[in-house]
Protein chains: 2
Amino acid sequence: MIIRIEPESEIPIYIQLTNQIIIGIAKGDLQPGDSLPSVRSFAADLGVNMHTVNKSYHELEKRGIIEIIPKSGAVIRKTLHIDRDTYNRLFEMFQPLIAEALVLGMTKEELVDLVEGIMKKMST
Amino acid sequence: MIIRIEPESEIPIYIQLTNQIIIGIAKGDLQPGDSLPSVRSFAADLGVNMHTVNKSYHELEKRGIIEIIPKSGAVIRKTLHIDRDTYNRLFEMFQPLIAEALVLGMTKEELVDLVEGIMKKMST
C-alpha cells in the first residue's frame with residue numbers, strides 16, 4: 001500500500017496519514033485484523049515524526065477504525081453495522097462538502113456520479 | 001439564516017463559519033449577489049474575533065464562492081459550471097469521507113441514500 005504524504009499541503013500530516021489508511025482499508029489493501037506498522041517503524045518509513053503517526057493512530061481509534069492492543073499495537077477492527085452516532089458524525093461531515101459541490105455548480109446527478117465513481121474504486 | 005458556532009468543537013471556528021455559510025447558500029438562505037455582513041458586524045453578532053470572520057471570508061474567496069469587492073465587501077458569486085480543478089479538489093475531499101463511511105460498515109446503497117438525503121435539503 002502506498003502512502004503519499006504531501007508536506008506542502010494545508011491538511012495536517014496526521015490527517016493525511018489517517019485518510020490514506022482509511023482509503024487503503026476501503027480499497028482492500030488493508031484488511032480487518034491486519035496490524036499496522038509500529039509507530040517507530042512507520043514514522044521512519046514515511047520520514048515523519050513519531051508523534052504524527054501516534055496522533056493518526058489515536059484518531060483512527062477514536063473513529064472506531066482500529067484498536068490499539070497492548071503489545072500487539074494497532075489492529076484494524078472488523079466493522080459492524082454502522083451505529084446512529086457514527087451515522088450522525090458522517091452526516092455532519094458530508095453536509096458541508098455536498099453543499100460546496102452544489103454551490104460551485106455541480107448538479108445533483110454529477111454529484112451522485114462523483115460519489116459512485118469513488119465507491120467503484122473501493123472494494124468493500 | 002442561523003449560524004451555529006460550537007466553541008468546544010475540534011473543527012476550527014473559521015471552518016465552522018465557512019461551512020455554515022456554504023450550507024446557507026446551498027439551502028437558498030443566501031443567494032448569489034447577496035452581500036455578507038461586514039467583518040466587524042458579523043464578528044460582533046457571532047461573538048467571535050474579527051480575525052476569524054476575515055479568515056473565513058478569505059477561505060470562501062479562495063474556493064471561488066464569494067468575491068471580496070473593495071468598498072462593497074464580501075458578495076456571493078454566481079456559480080458557473082464546475083471546472084476541472086474544482087472537480088479534482090472536491091474528489092480529493094470526498095474520497096476519505098466515502099472510504100470512512102464504507103470502512104465503518106455503511107453499504108453503498110446507504111451511502112447514496114445519505115448523500116441524496118442531504119441534497120434533498122438543499123435548494124440548488
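Values in this document were obtained by computation on a predicted structure and should not be read as measured data. Chain identifiers are assigned alphabetically (A, B, ...) following the order of the sequence lines, protein sequences preceding nucleic acid strands; residue numbering begins at 1 within each chain.
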Is [X] linked to [Y] within one hydrophobic cluster, defined over Ile, Leu, Val, Met, Phe, Trp and Tyr using a side-chain heavy-atom separation of less than 4.5 Å?
| X | Y | answer |
| --- | --- | --- |
| M106(B) | V115(A) | yes |
| I13(A) | I65(A) | yes |
| Y14(B) | I76(B) | no |
| I5(B) | I25(B) | yes |

(request) Determine the option with the most heavy-atom pairs under 4.5 angstrom with chain B, choosing from L111(A), I23(A), N19(A). (result) I23(A)

Heavy-atom cut-off 4.5 Å, strictly under: side chain, backbone, both or neither for [X] against chain B?
| X | result |
| --- | --- |
| Q20(A) | neither |
| I11(A) | neither |
| E10(A) | side chain |

(message) Taking the side chain as everything from C-beta on, heavy atoms only, tell me whether V112(B) gets closer than 4.5 Å to M119(A).
(response) yes

(request) First locate atom CZ of R77(B), then atom CG of L104(A), and finally report the distance between them rounded to the nearest 0.5 Å. (result) 9.0 Å

(request) Please list, in residue-number order, every residue in residues 85-98 of chain A that has a heavy atom less than 4.5 Å from any heavy atom of chain B; write 'none' if there are none. (result) T86(A), Y87(A), R89(A), L90(A), F91(A), M93(A), F94(A), Q95(A), P96(A), L97(A), I98(A)

(request) Could you list which of residues 37-62 of chain A have a heavy atom closer than 4.5 Å to any heavy atom of chain B, in residue-number order? (result) K62(A)

(request) Among the options R63(B), K121(B), E116(B), E100(B), pick out the one with the most heavy-atom pairs lying under 4.5 Å from chain A. (result) E100(B)

